[in-house]
Structures are given as structure tokens and as C-alpha cells.
There are 2 protein chains.
Amino acid sequence: MNFSKTTSYSLSILSYMSINEDTNMSAKYLHNKLSIPYPYLRQVLTNLTHKRFIKSTRGRTGGFTFSMPKEKISLADIIDITDGLESLNICILGFNKCPFDKQCSMHEVWEKTRDSMIKVLKETSLADLTK
Amino acid sequence: MNFSKTTSYSLSILSYMSINEDTNMSAKYLHNKLSIPYPYLRQVLTNLTHKRFIKSTRGRTGGFTFSMPKEKISLADIIDITDGLESLNICILGFNKCPFDKQCSMHEVWEKTRDSMIKVLKETSLADLTK
DNA sequence: ATTAAATGCTATAGACATGTATCATTTATG
DNA sequence: CATAAATGATACATGTCTATAGCATTTAAT
Ligand code: FES
Ligand code: FES
């Protein structure tokens, strides 16, 4: 499993932005705050804009703001932009199919974990993070 | 986190071999049984030999056998050959450092999980897998 | 002896995720 | 209007993990 950088960056960005919902933040500003490589950050911001989580303003004082209430954005929603929660539906030891007929030795503990994680991801909104 | 292919293959190979501890198995045979790409499998087998988990016999009827009792090989030992258990010591959401002062929202559930997983990996030996 | 079939060794190729660069367009400011 | 500073869009570079290839060496079988 494990989430891609793009997903991590998306989470960082939106989490950080949710601190000040109504403030317009530029890519440059976010770059300084979050230490994400500037050109990569730009890409991710564009992507988040396309996916309608945030909206952009162009021009000299341009930047990004939320385009929907942060209560309505769950961490799962953000992960679904790129990796998707399905990326958790794999054998943690990396077997596509167990060499035995039964499940691998990590299956039980991993299955429980996965369920807990998905639950948390679905139930946690950006608004919750700042509480 | 998540384990590399090399680690998965190592686990598959040794798990499979542990079914018949005293049988000499060739790379070709294992390739047919485990569907691991032959040249990659060769690499991994060489590596496992260097690390003394198995020993090789060269020549026409050559192959690989365990060089230590399978009761003494834990899954953690195998993972330590390549990725190491330390690969689990990361933020599951991919933050190197939380953008907030506090831990990320997945921290608690992930920490518990990680502990459980490490426990299982350390306590499970190859011998246990065939019970 | 010769051949076939195995491992030892190591260099090279490919695929994919990550990161960079460039130019066009928009808009506030003076 | 001219400039500066922002986003839009997209192509390119880099790095890393995964996979392949090739030749040398060893040994059993004929
Ligand atoms: S078979 Fe490995 S986690 Fe389910
Ligand atoms: S800070 Fe994310 S798992 Fe600990």
C-alpha cells in the first residue's frame, strides 16, 4: 500500500489551508510554509483546482481558496483524488496470491488495521483537523 | 511504508521452501511454482545465499536448501535483509514532519497497527507458517 | 571428453514516480 | 501603458525500483 507523494502533498496542502479557510494563499506562500518543491506544488495545486476542492484566482494577487466547506472534505476524499482507498486493498507482504491456499500470516492484523484506517479516513474532515 | 518486491519475493521463496525443508530446489523449479520472473528470482536467490539463509549447490543437479533451521528464521529476519522493519517507522500519510505541531490524524491508529505488525513479524517463524 | 543444466557475477534496460523548466495568460499596481 | 507577480498548461529530466541479459564456472550424465 502506502500513499504517493502526490497524495501526501495534497493532504498537507489542504490541511494547512484549512487553518485559515477564508484566506487566499499563493503557491509561493504555501511553498515557504510547507517545504514542498515549488514546481511540484504548482502541479498539485492545479490538480486540486481541477478536482474542485479549491478554486484559483489568477493575476498579481492570485492564489487559492477553498471552493467547498471544509466540513465536507474528508481525508478519504483527498486520497481518492490520486491513490484511492483501494490502494489499501493489497496484501501487506506483497503477495498477489498467497503461495499457500490460505492467507498470509499478516492477513488478520492487517485486515483489522486497514478497516480502522479506512474508518478514520472517512470520518475525519479537514474541519476536524484544527479542533 | 510497504515492502519492496524484493522483500515480497524473499518471503515467498523462503515460505515456499519451508514446506519441504530438506529438498533441494532449483531456481527453475521455484520459478515455475512461484511465478516470479526467472532472472529476478536468480538475483534474489543469490542474495539470500549471501545472507546465509540458504546455501547453494552448483552444477547440473544444483539448487538451494536451507542452511539454518527454519524455526530460527522469523519473518522480521527476512524483511531485515532488504527493507528492514524501520521502513514501518514513517508517517502513514507521508508527512516527514507534520505541518502542525501535533501528530497527524492517522497517528494513533497507525502506531497501534505498526506495533501489532512488528510483534507478529518477530514472533512468526518460517516453521510456524506450515502448521 | 562432451554436453546439458545448474549457480556466480554483474552490467544493462525498462517502467514508473518524483521533480524541474518553460512559456503563455491573467491581473493589480505605479 | 509597462511591469511585476500570480496561475494555466505541458513538456522534459532525474532517480529509483523492477526486470532482463550474458558470460563464466561448476558438476552430473552420457
Ligand atoms: S494475504 Fe497477506 S495481508 Fe492478506
Ligand atoms: S504523524 Fe502521521 S502517522 Fe504519525
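We name chains A, B, ... by the order of the sequence lines, and we start the count at 1 in each one.
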Legend entry - Between P of dA29(D) and CZ of Arg60(B), the distance in whole Å: 7 Å
Legend entry - Main-chain N/O of Leu85(B) paired to Asp80(B) side chain as donor or acceptor, under 3.5 Å: yes
Inset, instruction - Indicate whether the side chain of Thr7(B) and that of Thr82(B) have a donor and an acceptor atom separated by less than 3.5 Å. - result: yes
Inset, instruction - Could you work out which one of dA6(D), dA6(C), dA19(D) sits closest to the side chain of Lys28(A)? - result: dA6(D)
Could you run down the sub-3.5 Å N/O contacts of the protein with nucleotides 11-15 of chain C?
unit_1  : atom_1 : unit_2   : atom_2 : d
dA11(C) : N6     : Gln43(B) : NE2    : 3.3

Inset, instruction - Report yes or no: is there a donor-acceptor pair, N or O only, under 3.5 Å between the side chain of Arg58(B) and the base of dT26(D)? - result: no
Inset, instruction - Please answer: with hydrophobic residues joined when any side-chain heavy atoms are less than 4.5 Å apart, are Leu45(A) and Met68(A) in the same cluster? - result: yes
Legend entry - Closest nucleotide among dG8(C), dG8(D), dT20(D) to the Thr49(B) side chain: dG8(C)
Inset, instruction - Would you confirm whether Thr124(B), through its side chain, and Leu121(B), through its main-chain N or O, come within 3.5 Å as a donor-acceptor pair? - result: no
Legend entry - Lys55(A) NZ to dG8(D) C1', straight-line distance once rounded to whole Å: 18 Å
Inset, instruction - Quickly work out the Leu48(A) CG to dA9(D) P distance and round it to whole Å. - result: 14 Å
Legend entry - d(NE2, His31(B); P, dA5(C)) in whole Å: 16 Å
Inset, instruction - Can you spot which of Leu11(B), Asn47(B), Val44(B) makes a side-chain contact (heavy atoms from CB on, under 4.5 Å) with Ile81(B)? - result: Asn47(B)
Legend entry - Expected output: side-chain Asp77(B) to main-chain Ser74(B) donor-acceptor under 3.5 Å: yes
Inset, instruction - May I ask you to evaluate whether Tyr9(A) reaches the phosphate of dG19(C), defined as a side-chain N or O under 4.0 Å from OP1 or OP2? - result: yes
Legend entry - Interatomic distance where CE belongs to Met25(A) and C1' belongs to dT7(D) [whole Å]: 17 Å
Legend entry - Euclidean distance, atom CG of residue Leu45(A) to atom P of dT7(D) [Å, nearest integer]: 7 Å
Inset, instruction - Could you tell me whether Gly59(A) contacts a base, only the sugar-phosphate backbone, or nothing, with contacts defined as non-hydrogen atoms closer than 4.0 Å? - result: base
Inset, instruction - Would you indicate which nucleotide in dT7(D), dA6(C), dA4(D) comes nearest to any side-chain atom of Ser26(B)? - result: dA6(C)
Inset, instruction - May I ask you to verify if any side-chain N or O of Ser56(A) is less than 4.0 angstrom from the OP1 or OP2 atom of dG8(D)? - result: yes
Inset, instruction - Would you tell me whether Thr65(B) and Asn24(B) have side-chain atoms, one donor and one acceptor, within less than 3.5 Å of each other? - result: no
Inset, instruction - Would you kindly say whether Tyr9(B) and Ser4(B) are connected by a side-chain donor-acceptor distance under 3.5 Å? - result: no
Legend entry - Protein-nucleotide distance (Arg42(A), atom CZ; dA24(C), atom C1'), rounded to Å: 12 Å
Inset, instruction - Provide, to the nearest angstrom, the distance between the CG atom belonging to Leu41(A) and the P atom belonging to dA6(D). - result: 13 Å
Inset, instruction - Output yes when at least one side-chain N/O atom of Thr61(B) is less than 4.0 Å from OP1 or OP2 of dT27(D), else no. - result: no
Legend entry - Sugar-phosphate only, base, or nothing, as touched by Tyr38(A) at under 4.0 Å among non-hydrogen atoms: base
Legend entry - Nucleotide nearest Pro39(A) (side chain, heavy atoms from C-beta), chosen from dT7(C), dT18(D), dA21(C): dA21(C)
Legend entry - Thr46(A), nearest nucleotide to its side chain (from dG8(C), dA9(D), dT18(C)): dA9(D)
Legend entry - Side-chain N or O of His50(A) closer than 4.0 Å to phosphate OP1/OP2 of dA9(D): yes
